[in-house]
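Notes for the one structure printed next.
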Amino acid sequence: MKTPGQMLTVTDHNRSFSSLTYVYPVVSRRAGGVSVGINLNPNNACNWHCAYCQVPGLVRGAAPEIDMALLDAELRGFLAELCNGRFMEEHVPPDVRVIRDIAFSGNGEPTSSKAFDEIVERVIAARDEAGLAAVPVRLITNGSLIDRPYVQAALKRLALAGGEVWFKFDAGTADDIQRINGIDVDPRTHARRLALCMSLCPTWVQTCVFAWDGVLPSQDLIGNYLAMLEYALQQARKNDPSAGLKGVLLYGVARPSYQPEAVHLQRLTPEELDAIASQIRDRLQGKGLTVTVSP
Ligand code: SF4
(Lines give C-alpha, C1' and ligand atoms only; values in the text may rest on other atoms or scores of the structure.)
Protein backbone atom coordinates (compact mmCIF):
# COMPACT_ATOMS: atom_id res chain seq x y z
CA MET A 1 0.00 0.00 0.00
CA LYS A 2 1.05 3.58 -0.48
CA THR A 3 1.97 5.65 2.51
CA PRO A 4 -0.80 7.92 3.89
CA GLY A 5 -1.01 11.24 2.10
CA GLN A 6 -0.04 9.87 -1.27
CA MET A 7 -2.85 10.07 -3.78
CA LEU A 8 -3.37 7.57 -6.52
CA THR A 9 -3.38 9.42 -9.79
CA VAL A 10 -4.45 8.58 -13.30
CA THR A 11 -0.84 8.08 -14.28
CA ASP A 12 -0.08 5.76 -11.40
CA HIS A 13 -0.58 2.29 -12.72
CA ASN A 14 2.45 0.91 -10.93
CA ARG A 15 1.20 -2.23 -9.29
CA SER A 16 4.32 -2.77 -7.23
CA PHE A 17 3.29 -0.27 -4.52
CA SER A 18 1.11 -2.93 -3.07
CA SER A 19 2.36 -6.00 -1.32
CA LEU A 20 -0.56 -7.92 -2.77
CA THR A 21 -0.02 -10.46 -5.52
CA TYR A 22 -3.29 -10.36 -7.41
CA VAL A 23 -5.25 -7.30 -6.30
CA TYR A 24 -4.40 -3.65 -6.89
CA PRO A 25 -6.33 -0.38 -6.78
CA VAL A 26 -6.11 2.20 -9.51
CA VAL A 27 -7.82 5.46 -10.33
CA SER A 28 -8.83 4.86 -13.89
CA ARG A 29 -9.57 7.67 -16.27
CA ARG A 30 -11.55 5.23 -18.39
CA ALA A 31 -13.60 3.87 -15.51
CA GLY A 32 -13.94 7.28 -13.80
CA GLY A 33 -13.22 6.23 -10.19
CA VAL A 34 -11.44 3.62 -8.13
CA SER A 35 -11.08 0.39 -10.00
CA VAL A 36 -10.20 -2.75 -8.06
CA GLY A 37 -7.85 -4.46 -10.46
CA ILE A 38 -7.25 -8.19 -10.50
CA ASN A 39 -3.99 -9.28 -12.06
CA LEU A 40 -3.94 -12.97 -12.92
CA ASN A 41 -0.62 -12.55 -14.74
CA PRO A 42 1.95 -11.57 -12.07
CA ASN A 43 4.42 -13.35 -14.40
CA ASN A 44 3.94 -10.57 -17.02
CA ALA A 45 2.95 -13.20 -19.58
CA CYS A 46 0.58 -12.61 -22.46
CA ASN A 47 -0.15 -14.52 -25.66
CA TRP A 48 -0.16 -11.18 -27.56
CA HIS A 49 2.55 -8.54 -27.87
CA CYS A 50 0.86 -5.19 -28.46
CA ALA A 51 3.15 -2.35 -29.55
CA TYR A 52 1.54 -0.05 -26.98
CA CYS A 53 1.56 -2.54 -24.08
CA GLN A 54 2.45 -0.96 -20.75
CA VAL A 55 3.56 -4.18 -19.07
CA PRO A 56 7.27 -3.99 -18.24
CA GLY A 57 9.20 -7.16 -18.98
CA LEU A 58 6.33 -8.58 -21.07
CA VAL A 59 6.92 -12.19 -22.13
CA ARG A 60 4.88 -14.54 -24.29
CA GLY A 61 2.96 -17.07 -22.29
CA ALA A 62 -0.05 -17.78 -20.10
CA ALA A 63 -1.12 -17.00 -16.55
CA PRO A 64 0.57 -19.15 -13.90
CA GLU A 65 -1.40 -21.40 -11.59
CA ILE A 66 -3.45 -19.12 -9.36
CA ASP A 67 -3.37 -19.45 -5.56
CA MET A 68 -7.13 -19.32 -5.04
CA ALA A 69 -6.99 -18.93 -1.27
CA LEU A 70 -4.59 -16.01 -1.58
CA LEU A 71 -6.68 -14.33 -4.30
CA ASP A 72 -9.80 -14.73 -2.17
CA ALA A 73 -8.09 -13.35 0.93
CA GLU A 74 -6.60 -10.39 -0.94
CA LEU A 75 -9.84 -9.43 -2.64
CA ARG A 76 -12.03 -9.82 0.44
CA GLY A 77 -9.49 -7.98 2.58
CA PHE A 78 -9.14 -5.13 0.13
CA LEU A 79 -12.89 -4.72 -0.43
CA ALA A 80 -13.36 -4.58 3.35
CA GLU A 81 -10.64 -1.93 3.57
CA LEU A 82 -12.29 0.13 0.82
CA CYS A 83 -15.71 -0.11 2.47
CA ASN A 84 -14.78 0.19 6.14
CA GLY A 85 -11.13 1.18 6.39
CA ARG A 86 -9.27 4.44 5.83
CA PHE A 87 -7.94 3.66 2.39
CA MET A 88 -10.28 5.98 0.47
CA GLU A 89 -9.67 8.89 2.84
CA GLU A 90 -5.91 8.45 2.96
CA HIS A 91 -5.17 7.54 -0.64
CA VAL A 92 -7.92 8.67 -2.98
CA PRO A 93 -8.80 12.24 -4.06
CA PRO A 94 -12.24 13.28 -2.75
CA ASP A 95 -13.89 13.53 -6.18
CA VAL A 96 -13.25 9.90 -7.07
CA ARG A 97 -14.02 8.17 -3.76
CA VAL A 98 -16.27 5.65 -5.38
CA ILE A 99 -15.65 2.04 -6.40
CA ARG A 100 -16.36 2.02 -10.12
CA ASP A 101 -15.64 -1.58 -10.91
CA ILE A 102 -13.75 -4.75 -10.20
CA ALA A 103 -11.72 -5.37 -13.33
CA PHE A 104 -9.76 -8.33 -14.60
CA SER A 105 -7.01 -6.20 -16.02
CA GLY A 106 -3.52 -7.39 -15.34
CA ASN A 107 -0.08 -7.87 -16.81
CA GLY A 108 -1.23 -10.34 -19.44
CA GLU A 109 -4.32 -12.08 -20.77
CA PRO A 110 -6.56 -13.05 -17.81
CA THR A 111 -8.51 -15.72 -19.68
CA SER A 112 -5.29 -17.68 -20.17
CA SER A 113 -5.77 -18.92 -16.60
CA LYS A 114 -7.41 -22.34 -16.89
CA ALA A 115 -9.19 -21.59 -13.62
CA PHE A 116 -10.77 -18.44 -15.03
CA ASP A 117 -14.38 -19.57 -14.64
CA GLU A 118 -13.87 -20.56 -11.02
CA ILE A 119 -12.06 -17.28 -10.40
CA VAL A 120 -14.96 -15.28 -11.83
CA GLU A 121 -17.33 -17.20 -9.58
CA ARG A 122 -15.19 -16.41 -6.52
CA VAL A 123 -14.83 -12.74 -7.41
CA ILE A 124 -18.57 -12.32 -7.83
CA ALA A 125 -19.18 -14.06 -4.49
CA ALA A 126 -16.64 -11.81 -2.73
CA ARG A 127 -18.20 -8.72 -4.30
CA ASP A 128 -21.71 -9.70 -3.28
CA GLU A 129 -20.70 -10.67 0.26
CA ALA A 130 -19.03 -7.27 0.66
CA GLY A 131 -22.39 -5.64 -0.10
CA LEU A 132 -21.11 -4.38 -3.46
CA ALA A 133 -23.44 -6.28 -5.80
CA ALA A 134 -24.08 -3.07 -7.77
CA VAL A 135 -20.39 -2.72 -8.63
CA PRO A 136 -19.83 -4.16 -12.12
CA VAL A 137 -17.21 -6.80 -12.77
CA ARG A 138 -15.36 -6.14 -16.03
CA LEU A 139 -13.15 -8.38 -18.09
CA ILE A 140 -10.51 -6.54 -20.09
CA THR A 141 -9.41 -9.09 -22.69
CA ASN A 142 -7.76 -9.50 -26.05
CA GLY A 143 -10.52 -12.00 -26.76
CA SER A 144 -8.19 -14.54 -28.31
CA LEU A 145 -9.19 -17.46 -26.07
CA ILE A 146 -12.94 -17.13 -26.27
CA ASP A 147 -13.23 -20.43 -28.14
CA ARG A 148 -12.34 -22.23 -24.91
CA PRO A 149 -15.38 -23.65 -23.10
CA TYR A 150 -14.24 -22.41 -19.65
CA VAL A 151 -13.97 -18.85 -21.01
CA GLN A 152 -17.46 -19.05 -22.47
CA ALA A 153 -18.80 -20.38 -19.17
CA ALA A 154 -17.12 -17.47 -17.38
CA LEU A 155 -18.64 -14.94 -19.79
CA LYS A 156 -22.13 -16.33 -19.19
CA ARG A 157 -21.51 -16.11 -15.45
CA LEU A 158 -20.29 -12.54 -15.82
CA ALA A 159 -23.39 -11.59 -17.81
CA LEU A 160 -25.69 -13.04 -15.15
CA ALA A 161 -23.87 -11.00 -12.51
CA GLY A 162 -24.29 -7.73 -14.42
CA GLY A 163 -20.74 -7.70 -15.75
CA GLU A 164 -19.33 -6.78 -19.12
CA VAL A 165 -16.40 -7.39 -21.42
CA TRP A 166 -13.99 -4.89 -22.97
CA PHE A 167 -12.78 -6.71 -26.07
CA LYS A 168 -9.57 -5.61 -27.80
CA PHE A 169 -10.12 -4.86 -31.48
CA ASP A 170 -7.53 -2.56 -33.01
CA ALA A 171 -7.41 -3.32 -36.73
CA GLY A 172 -9.09 -5.12 -39.64
CA THR A 173 -6.25 -6.66 -41.67
CA ALA A 174 -3.77 -9.39 -40.79
CA ASP A 175 -0.84 -7.04 -41.47
CA ASP A 176 -2.17 -4.28 -39.20
CA ILE A 177 -2.98 -6.78 -36.46
CA GLN A 178 0.52 -8.25 -36.73
CA ARG A 179 2.13 -4.81 -36.48
CA ILE A 180 -0.11 -3.50 -33.67
CA ASN A 181 -0.84 -6.62 -31.64
CA GLY A 182 2.16 -8.80 -32.51
CA ILE A 183 -0.03 -11.75 -33.37
CA ASP A 184 -0.70 -13.72 -36.53
CA VAL A 185 -4.46 -14.08 -36.92
CA ASP A 186 -7.03 -13.91 -39.69
CA PRO A 187 -9.05 -10.76 -38.91
CA ARG A 188 -12.28 -12.62 -39.62
CA THR A 189 -11.38 -15.15 -36.96
CA HIS A 190 -10.96 -12.36 -34.44
CA ALA A 191 -14.21 -10.73 -35.63
CA ARG A 192 -16.04 -14.03 -35.10
CA ARG A 193 -14.59 -14.19 -31.59
CA LEU A 194 -16.04 -10.74 -30.99
CA ALA A 195 -19.39 -11.90 -32.33
CA LEU A 196 -19.32 -14.88 -29.97
CA CYS A 197 -18.39 -12.62 -27.07
CA MET A 198 -21.35 -10.34 -27.84
CA SER A 199 -23.67 -13.32 -27.76
CA LEU A 200 -22.48 -14.35 -24.29
CA CYS A 201 -22.04 -11.08 -22.38
CA PRO A 202 -22.58 -7.33 -22.88
CA THR A 203 -19.50 -6.23 -24.79
CA TRP A 204 -17.60 -3.05 -25.57
CA VAL A 205 -14.87 -2.95 -28.18
CA GLN A 206 -11.69 -1.25 -26.98
CA THR A 207 -9.54 0.25 -29.70
CA CYS A 208 -6.17 1.94 -29.26
CA VAL A 209 -5.16 4.51 -31.87
CA PHE A 210 -1.87 6.33 -32.36
CA ALA A 211 0.48 7.67 -35.01
CA TRP A 212 3.19 5.26 -36.23
CA ASP A 213 6.51 6.86 -37.17
CA GLY A 214 4.73 10.19 -37.37
CA VAL A 215 1.99 8.96 -39.71
CA LEU A 216 -1.65 9.15 -38.58
CA PRO A 217 -3.89 6.06 -38.93
CA SER A 218 -4.60 5.87 -42.68
CA GLN A 219 -8.05 5.89 -44.24
CA ASP A 220 -7.31 2.32 -45.34
CA LEU A 221 -6.58 1.24 -41.78
CA ILE A 222 -9.74 2.89 -40.43
CA GLY A 223 -11.86 1.59 -43.33
CA ASN A 224 -10.65 -2.00 -42.88
CA TYR A 225 -11.20 -1.76 -39.12
CA LEU A 226 -14.78 -0.55 -39.63
CA ALA A 227 -15.49 -3.21 -42.23
CA MET A 228 -14.33 -5.93 -39.83
CA LEU A 229 -16.39 -4.46 -36.99
CA GLU A 230 -19.44 -4.55 -39.26
CA TYR A 231 -18.63 -8.15 -40.16
CA ALA A 232 -18.55 -9.03 -36.45
CA LEU A 233 -21.95 -7.40 -35.94
CA GLN A 234 -23.39 -9.32 -38.92
CA GLN A 235 -22.00 -12.59 -37.57
CA ALA A 236 -23.46 -11.93 -34.13
CA ARG A 237 -26.87 -11.12 -35.59
CA LYS A 238 -26.98 -14.27 -37.70
CA ASN A 239 -27.53 -16.24 -34.52
CA ASP A 240 -29.29 -13.60 -32.46
CA PRO A 241 -30.96 -10.69 -34.31
CA SER A 242 -30.93 -8.61 -31.12
CA ALA A 243 -27.20 -9.16 -30.45
CA GLY A 244 -25.17 -6.03 -30.41
CA LEU A 245 -22.24 -4.15 -29.13
CA LYS A 246 -22.62 -1.64 -26.35
CA GLY A 247 -20.12 0.55 -28.13
CA VAL A 248 -16.54 1.43 -28.91
CA LEU A 249 -14.04 2.73 -26.36
CA LEU A 250 -11.48 4.64 -28.39
CA TYR A 251 -8.33 5.57 -26.56
CA GLY A 252 -4.88 6.97 -27.21
CA VAL A 253 -1.47 6.12 -25.83
CA ALA A 254 -1.64 8.28 -22.71
CA ARG A 255 1.21 6.40 -21.06
CA PRO A 256 4.39 5.14 -22.68
CA SER A 257 4.68 1.63 -24.03
CA TYR A 258 7.29 -0.57 -22.35
CA GLN A 259 7.88 -2.52 -25.56
CA PRO A 260 10.70 -2.00 -28.09
CA GLU A 261 8.02 -0.78 -30.54
CA ALA A 262 7.51 2.28 -28.32
CA VAL A 263 9.92 4.23 -30.56
CA HIS A 264 7.37 4.07 -33.39
CA LEU A 265 4.36 5.33 -31.45
CA GLN A 266 3.16 8.89 -31.03
CA ARG A 267 0.11 10.12 -29.20
CA LEU A 268 -2.74 11.65 -31.25
CA THR A 269 -4.15 15.04 -30.33
CA PRO A 270 -7.69 15.12 -28.88
CA GLU A 271 -8.86 16.60 -32.20
CA GLU A 272 -7.30 13.75 -34.19
CA LEU A 273 -8.93 11.19 -31.91
CA ASP A 274 -12.28 12.96 -32.18
CA ALA A 275 -12.06 12.90 -35.97
CA ILE A 276 -11.61 9.11 -35.91
CA ALA A 277 -14.46 8.76 -33.40
CA SER A 278 -16.71 10.75 -35.77
CA GLN A 279 -15.86 8.41 -38.63
CA ILE A 280 -16.79 5.41 -36.50
CA ARG A 281 -20.06 7.07 -35.45
CA ASP A 282 -20.95 8.00 -39.03
CA ARG A 283 -20.29 4.51 -40.38
CA LEU A 284 -22.02 2.66 -37.56
CA GLN A 285 -24.82 5.15 -37.09
CA GLY A 286 -28.16 3.47 -36.61
CA LYS A 287 -26.60 0.34 -35.11
CA GLY A 288 -27.10 1.60 -31.56
CA LEU A 289 -23.38 1.99 -30.78
CA THR A 290 -21.90 4.52 -28.39
CA VAL A 291 -18.39 5.76 -29.15
CA THR A 292 -16.41 7.20 -26.26
CA VAL A 293 -12.96 8.79 -26.44
CA SER A 294 -10.15 8.78 -23.84
CA PRO A 295 -7.08 10.69 -24.99
S1 SF4 B 1 -3.23 -7.98 -24.85
FE2 SF4 B 1 -2.92 -6.51 -23.19
S3 SF4 B 1 -1.37 -7.43 -21.82
FE4 SF4 B 1 -1.34 -8.54 -23.78
S5 SF4 B 1 0.29 -7.57 -24.95
FE6 SF4 B 1 -1.66 -6.57 -25.54
S7 SF4 B 1 -1.85 -4.80 -24.17
FE8 SF4 B 1 -0.26 -6.16 -23.28
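Quick note: numbers below take in every heavy atom, side chains included, and nothing from hydrogens, waters or symmetry partners. Both counts, for ligands and for their atoms, begin at 1 and track the order of listing.
Proximity of a side-chain donor or acceptor of R97 to a complementary backbone N or O of M88 within less than 3.5 Å is detected.
Close approach of ligand 1 to C46 is summarised as follows: ligand atoms under 4.0 Å from at least one heavy atom of the residue are 1 (S), 3 (S), 4 (Fe), 5 (S). Under a 4.0 Å criterion applied to the non-hydrogen atoms of N142, ligand 1 contributes the atoms 1 (S). Applying the 4.0 Å criterion to heavy atoms of G108 picks out, from ligand 1, the atoms 3 (S). Near C50, the atoms of ligand 1 lying under 4.0 angstrom from a non-hydrogen atom of the residue are 1 (S), 5 (S), 6 (Fe), 7 (S).
Aromatic ring centres of Y52 and H264: separated by at least 6.0 Å.
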*asked:* As a quick check of understanding, evaluate ring pair (Phe, Tyr, Trp, His ring centres under 6.0 Å) for F116 and F104, giving each step before the final call.
replied: CA-CA 10 Å; F116 188 64; F104 289 100; 5.1 Å; yes
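Among the backbone and side-chain atoms of H49, none of the N, O or S atoms lies under 2.8 Å from atom 8 (Fe) of ligand 1.
Annotation: atom 2 (Fe) of ligand 1 to nearest protein heavy atom, K168 CE, 4.0 Å. Distance from atom 8 (Fe) of ligand 1 to its nearest protein heavy atom, with residue and atom name: C53 SG, 2.3 Å.
Side chain to side chain, D176 and Y225 fail the donor-acceptor criterion of an N or O pair below 3.5 Å. Residues S218 and D220 bring no donor and acceptor atom of their side chains to less than 3.5 Å of each other.
Here the rule is side-chain contact (heavy atoms from CB on, under 4.5 Å) with E74, and of I38, L79, T21 only T21 fits it.
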